[in-house]
Amino acid sequence: MDRFRFPDDLIRAQQDWLDTYRALAVPCPRRTELRRRLLRLSVRIEAHPFWSTPAGRTPAARVELRRQARGAWPRRRAQ
């Protein structure tokens with residue numbers, strides 16, 4: 001069982017952030033659009049209400065969010 005229970009929209013935003021970050025690693029003409037998307041997602045993640053809860057106040061919560069989002073990434077891409 002996971003120590004942190006993240007809201008679905010927060011995990012989804014982190015997964016979208018990872019997808020966008022990976023897309024930026026590939027040369028393409030949409031780089032400006034992707035950078036803007038990455039910034040919007042960063043703000044959405046940082047401003048999420050979860051971070052103001054007791055569980056969200058620990059640095060470990062941010063690390064765990066990234067771990068869970070990366071762990072779900074291959075399954076999500078296969079859909």
Side-chain angles (χ1 to χ4, degrees):
M1 184 154 142
D2 293 319
R3 182 176 163 200
F4 298 97
R5 291 188 180 268
F6 297 103
D8 290 339
D9 64 322
L10 183 56
I11 292 175
R12 201 171 314 111
Q14 183 65 48
Q15 289 169 335
D16 290 345
W17 190 97
L18 290 167
D19 291 343
T20 305
Y21 190 82
R22 287 181 183 105
L24 274 168
V26 178
C28 73
R30 300 178 28 225
R31 292 186 69 79
T32 300
E33 176 187 333
L34 290 171
R35 282 194 303 266
R36 287 179 181 153
R37 178 170 171 73
L38 195 66
L39 286 170
R40 281 193 306 271
L41 288 165
S42 295
V43 169
R44 185 181 310 161
I45 292 166
E46 181 65 29
H48 197 280
F50 174 79
W51 304 122
S52 63
T53 67
R57 290 189 185 115
T58 65
R62 294 179 188 270
V63 173
E64 182 63 17
L65 173 65
R66 287 189 294 274
R67 188 192 69 76
Q68 285 185 28
R70 277 193 307 267
W73 189 75
R75 289 188 302 263
R76 186 170 173 258
R77 296 289 283 182
Q79 293 177 349

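Note that the numbering runs from 1 along the sequence shown for the chain.
With a 6.0 Å radius and a threshold of 12 heavy atoms from other residues, nucleotides or ligands, Arg36 has its CZ atom at or below the threshold.
With respect to the salt-bridge test (charged N to carboxylate O, under 4.0 angstrom), the residues Arg5 and Glu64 do not qualify.
Considering CZ of Arg57 and CZ of Phe50, their distance stands at 10.5 Å, rounded to 0.5 Å. Put simply, CG on Leu39 and CZ on Arg44 are 12.5 Å apart, with the number rounded to the nearest 0.5 Å. Distance check: Glu33 CD to Arg35 CZ gives 11.0 Å after rounding to the nearest 0.5 Å. In this structure, CG in Leu38 is found 11.0 Å from CG in Asp19, a value given to the nearest 0.5 Å. Put simply, CD on Gln15 and CD1 on Ile11 are 7.0 Å apart, with the number rounded to the nearest 0.5 Å. Remark: His48 NE2 to Gln14 CD distance equals 11.5 Å, nearest 0.5 Å.
Of all non-hydrogen atoms in Ala61 and Ala55, the two that sit nearest each other are CB-O, 3.5 Å. Across all non-hydrogen atoms, the minimal contact from Leu41 to Ala13 is CD2-O, 4.0 Å.
In this structure a side-chain-to-backbone donor-acceptor pair under 3.5 Å is present from Trp51 to Ile45. Without hydrogens or angle criteria, Arg31 side chain to Leu24 main chain gives a donor-acceptor distance under 3.5 Å. A distance-only check finds no donor-acceptor pair linking the side chain of Arg37 to the backbone of Thr20 [under 3.5 Å].
Criterion: ILVMFWY side-chain heavy atoms under 4.5 Å apart, direct or through other members. Under it, Leu65 and Tyr21 are part of a common hydrophobic cluster. Residues Trp17 and Val43 do not share a hydrophobic cluster, defined by chaining ILVMFWY side chains whose heavy atoms lie under 4.5 Å apart.
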